[in-house]
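Everything below concerns the one structure shown next.
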2 protein chains.
Amino acid sequence: MDRLKKTTIQDIADYTDISIGTIDRVIHNRGKVSRIKKEKIEEAIRVLDFNPNLLARTLVLGKQYVICSLLPEAMTPEHYWSLPKRGVEQGAQNYRDFGIELDSRTYSLFDESSFVENAKAILERNPEGVILAPLFERESTWFIRQLEKRKIPYVFIDARISGHKNLSYIGPDVKASGYIAGKLLDPLLADGDAILIVNMVKGIGNSAHTGTIERGFRDFFKTAEGKPRRKIGAITIPSMDEREVVRELTKYYLRNPGTGGVFVTNSNAHLISKYHTDHELDIRVIGFDLVQGNIAEMKKGTIDFIISQRPIYQGTQAVRSLFDFFVNKKMPTSIQYVPLDIIIKESMDFYIRCQG
Amino acid sequence: MDRLKKTTIQDIADYTDISIGTIDRVIHNRGKVSRIKKEKIEEAIRVLDFNPNLLARTLVLGKQYVICSLLPEAMTPEHYWSLPKRGVEQGAQNYRDFGIELDSRTYSLFDESSFVENAKAILERNPEGVILAPLFERESTWFIRQLEKRKIPYVFIDARISGHKNLSYIGPDVKASGYIAGKLLDPLLADGDAILIVNMVKGIGNSAHTGTIERGFRDFFKTAEGKPRRKIGAITIPSMDEREVVRELTKYYLRNPGTGGVFVTNSNAHLISKYHTDHELDIRVIGFDLVQGNIAEMKKGTIDFIISQRPIYQGTQAVRSLFDFFVNKKMPTSIQYVPLDIIIKESMDFYIRCQG
DNA sequence: AAGAAAAGTGTGTACGAACACACTTTTAAC
DNA sequence: GTTAAAAGTGTGTTCGTACACACTTTTCTT
């Protein structure tokens with residue numbers, strides 16, 4: 001059969017009657033080549049549509065790219081932070097044969113020193129690139145200064161610190177996520193219903209982050225045209241302990257009857273919806289992230305909407321961006337907002353199964 | 001530096017003092033190898049964690065895999081069918097160096113014979129795999145019979161025909177998409193509001209398909225607990241000509257005042273929302289697919305929800321499934337439902353930018 | 001016990017690109 | 001007009017794997 005293979009350097013050589021050595025020099029713009037031959041070769045490359053075979057190139061160069069990732073630790077396998085981690089690992093796996101080697105590290109959200117320790121170990125290792133979720137602002141700032149000093153490129157995922165020379169931020173538009181939550185929750189409520197915003201702070205909470213979400217959420221209700229203003233309350237629960245949650249919620253609801261909907265600004269909506277079930281309250285709930293707890297509650301119908309920020313994709317995309325930067329010298333887009341997936345009970349399964 | 005490379009066959013050879021030829025035979029379970037050496041090698045593979053380098057393997061085998069895709073033609077570049085096509089092409093591009101070669105063909109939705117012609121050309125070409133959107137049921141049935149006779153594996157994308165030996169279906173759960181549309185539309189409406197379902201049939205419409213969507217949609221309103229029943233009307237517009245649309249809609253609305261929401265079962269919601277704007281009607285609209293027309297209308301706020309079935313991803317995933325089947329002999333999951341993305345004005349941009 | 005068949009093993013070449021090296025031709029210097 | 005530097009060019013080896021081929025050893029057969 002024809003089965004026409006791709007054109008190779010040898011094809012260019014045959015076509016132009018020039019050795020592959022010279023062609024190689026033209027391709028890499030290295031060494032001396034006469035103008036005549038150079039033009040002839042460049043034409044042949046166009047005419048025969050030559051594209052260097054990345055496989056062969058990778059193989060012969062034999063370069064290894066070490067990527068270190070530093071993400072928060074998932075306290076349980078069902079915890080949110082296990083997802084970006086899985087994404088990063090999956091991404092590294094995809095590019096394994098291309099020389100990508102991953103050193104995946106985690107730090108405790110309750111312990112800045114664990115961050116610093118791992119950061120130091122990463123600097124020690126002198127990797128080709130770093131993937132960082134910068135939840136500790138002070139320590140992260142210090143870390144990326146060190147990276148910049150050593151000219152090690154890094155990308156942020158899931159969160160970011162402004163004003164630094166990171167290659168890219170891959171994560172949600174946080175403010176938009178709050179706004180969207182507001183827009184989705186509102187039509188589920190009756191006219192007079194009030195709203196409660198629940199911030200849960202576990203470990204060292206990223207307060208700037210939750211603040212932005214809340215602002216986005218309130219923005220919706222400010223800008224909504226023609227809608228009656230709603231009463232919006234907010235509480236901050238400084239723990240994830242169940243008893244603590246129960247106590248704080250009870251305190252609030254006793255003082256604020258008429259709450260029709262709750263917006264949970266992190267991945268713990270399931271704690272709130274469980275409370276509602278236990279106390280036979282008919283209150284709408286919207287929260288973030290397809291973690292195990294939320295999945296179960298959503299299935300029961302006690303959570304109405306989950307907004308997901310493609311945590312796995314964030315990880316794979318981070319690796320892909322670094323790889324493209326290493327191999328193709330392609331600067332990634334500096335802000336890569338992930339889609340904010342709006343998920344309901346009926347569409348949940350599709351998201352769980354599609355690990356894209 | 002350490003920069004420890006991956007273990008290679010040669011490493012296994014050094015470790016076991018056996019030649020790479022024998023090791024190769026163990027890996028491929030071919031030829032004769034003594035039990036002693038075989039076990040020694042298998043142990044070394046485990047201990048040293050050997051994984052064959054896919055790049056080197058691909059390079060030496062030099063096999064080309066021709067994939068033919070047969071999708072409906074996009075009449076304009078903004079048309080829905082340009083998206084799965086782009087996905088397929090992008091996917092093929094990704095695996096180009098691995099020997100994937102794409103022959104991308106389209107057929108007219110108005111002309112069965114164009115389907116048959118292209119199908120014949122594909123059979124002629126005798127490709128390693130086929131990607132098919134089987135919108136013409138009769139002709140598709142004939143085609144896949146031919147493929148089965150020739151033992152050419154094929155995957156369906158976007159639509160499917162049951163009872164055949166396709167490798168995989170990659171597309172939406174059509175019924176669920178209707179149900180979800182119902183669930184999203186309902187809370188946007190006032191209590192007494194009625195609903196209109198618009199089916200537009202262009203070319204040879206896949207009537208089974210739209211029927212299923214409509215059934216899913218109505219199912220929501222049947223099973224919705226505690227909700228007052230809504231009046232649900234439906235019209236079928238046998239054309240996409242604007243004047244035709246205007247006439248049919250006017251006819252309906254004149255007879256059915258009190259319609260608060262419209263569900264458009266294909267990608268032409270923008271035609272309906274434009275009508276509403278022109279006639280100063282305040283009616284909610286939900287439809288499918290992020291095509292140019294819908295994007296513009298959504299931006300104006302005249303469409304409330306778009307449900308997207310990841311058309312680009314469908315294409316890339318189809319190629320990936322075939323590639324995995326060719327190279328890793330991995331049978332794909334037989335039904336790969338894509339996530340049904342629920343998109344609103346505020347989340348639209350993220351989806352447009354993220355071509356994942 | 002000889003010889004053939006079967007079982008078991010190692011070597012060499014190929015894939016496509018990169019690069020070191022060696023080699024030839026041109027140019028410049030005096 | 002000789003020589004050296006600069007410019008220009010081709011060859012050979014390498015990466016990790018697959019496979020054809022050649023080769024050695026063991027096992028049957030009669």
Side-chain angles (χ1 to χ4, degrees), chain A residues 3-42 44-45 48-65 95-101 326-329, chain B residues 3-42 44-45 48-65 95-99 326-329:
Chain A
R3 207 100 315 179
L4 45 130
K5 307 221 179 199
K6 299 285 309 165
T7 49
T8 70
I9 286 194
Q10 190 58 55
D11 295 333
I12 307 285
D14 295 345
Y15 183 87
T16 55
D17 264 322
I18 301 175
S19 82
I20 60 170
T22 304
I23 293 161
D24 181 73
R25 273 181 283 269
V26 171
I27 291 169
H28 294 91
N29 207 25
R30 128 181 80 225
K32 304 288 174 183
V33 178
S34 68
R35 233 167 49 92
I36 297 249
K37 294 208 174 181
K38 183 170 175 181
E39 279 165 9
K40 211 164 154 195
I41 289 168
E42 276 167 347
I45 288 178
L48 301 184
D49 184 31
F50 168 76
N51 288 91
N53 184 320
L54 184 57
L55 273 50
R57 168 178 291 174
T58 304
L59 203 57
V60 68
L61 288 182
K63 186 147 177 46
Q64 290 290 101
Y65 302 97
Y95 293 110
R96 195 178 50 91
D97 287 339
F98 288 97
I100 294 288
E101 191 194 330
F326 296 153
V327 173
N328 308 322
K329 277 123 187 57
Chain B
R3 209 98 315 178
L4 45 130
K5 308 220 179 199
K6 299 285 309 163
T7 48
T8 70
I9 287 193
Q10 189 58 56
D11 294 333
I12 306 285
D14 295 344
Y15 183 87
T16 56
D17 264 321
I18 302 174
S19 81
I20 60 169
T22 304
I23 293 162
D24 181 73
R25 273 181 283 268
V26 171
I27 291 170
H28 293 91
N29 206 25
R30 127 180 82 224
K32 303 289 174 181
V33 178
S34 70
R35 233 167 48 94
I36 295 252
K37 294 208 173 182
K38 183 169 177 187
E39 278 165 9
K40 211 164 153 192
I41 290 169
E42 277 167 347
I45 288 178
L48 301 184
D49 185 30
F50 167 76
N51 288 90
N53 185 320
L54 184 58
L55 274 50
R57 169 177 291 174
T58 304
L59 201 58
V60 67
L61 288 181
K63 186 149 176 46
Q64 290 290 100
Y65 301 96
Y95 293 110
R96 194 178 52 90
D97 287 338
F98 289 95
F326 295 154
V327 173
N328 308 321
K329 277 122 187 56

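Lettering of chains follows the sequences in order, A, B, ..., and the numbering in each one begins at 1. Everything numeric in this text was worked out from a predicted model, so none of it was measured.
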For this session: Quickly work out the B/K40 NZ to C/dT9 P distance and round it to whole Å.
Result: 10 Å

Seminar exercise, completed: Between CD of A/E39 and P of D/dG8 the distance, given in whole Å, is 13 Å

Exercise. Within less than 4.0 Å of OP1 or OP2 of C/dG8, is there a side-chain N or O belonging to B/S34?
Worked result: no

For this session: Can you figure out which of C/dG16, C/dC19, D/dT9 approaches the side chain of A/H28 most closely?
Result: C/dC19

Problem set entry | Earlier contact from the 5' end, DNA chain D, for B/G21 and B/L59 | B/L59

Exercise. Does the base of C/dG10 carry an N or O that pairs as donor and acceptor with the side chain of B/R25 under 3.5 Å?
Worked result: yes

Exercise. If you find the nucleotide of DNA chain C closest to A/R30 and the one closest to B/D17, which residue's nucleotide is nearer the 5' end?
Worked result: B/D17

Problem set entry | Test item: B/V327 and B/T58 side chains (from C-beta on) under 4.5 Å apart, heavy atoms | no

Seminar exercise, completed: Taken to the nearest whole Å, NZ/A/K32 to P/C/dC23 is 22 Å

For this session: Would you tell me if any nitrogen or oxygen in the side chain of B/T58 comes within less than 4.0 Å of OP1 or OP2 on C/dC15?
Result: no

Exercise. When you look at CZ of A/R30, are more than 12 heavy atoms from neighbouring residues, nucleotides or ligands closer to it than 6.0 Å?
Worked result: yes

Exercise. Touch check for B/D24, heavy atoms < 4.0 angstrom, all strands: base, sugar-phosphate only, or nothing?
Worked result: base

For this session: Nearest-nucleotide wise, let me know which of A/I20 and B/I18 is further upstream toward the 5' end of DNA chain C.
Result: B/I18

Exercise. A/I27 near the nucleic acid: base, sugar-phosphate alone, or nothing, with a heavy-atom cut-off under 4.0 Å?
Worked result: nothing

Exercise. Counting side-chain heavy atoms from CB outward, which of D/dG16, D/dA7, C/dG8 is closest to B/T8?
Worked result: D/dG16

Exercise. Of all the choices, C/dA17, C/dG8, C/dG10, which nucleotide is nearest to the side chain of A/A56 once you look at every atom?
Worked result: C/dA17

Exercise. Within this structure, what is the CG-to-C1' distance between B/D14 and D/dG16, rounded to whole angstrom?
Worked result: 13 Å

Exercise. Counting only side-chain N and O atoms of A/S19, is one of them less than 4.0 Å from OP1 or OP2 of D/dT9?
Worked result: no

For this session: May I ask you to say what B/G62 touches in the nucleic acid, namely base, sugar-phosphate or nothing, with a heavy-atom cut-off under 4.0 Å?
Result: nothing

Exercise. With a non-hydrogen cut-off below 4.0 angstrom, is B/V60 in contact with a base, only sugar-phosphate, or nothing?
Worked result: base

Exercise. Donor-acceptor pair, A/D14 side chain versus A/D11 backbone, under 3.5 Å?
Worked result: no

For this session: Output yes when at least one side-chain N/O atom of A/K37 is less than 4.0 Å from OP1 or OP2 of D/dT9, else no.
Result: yes

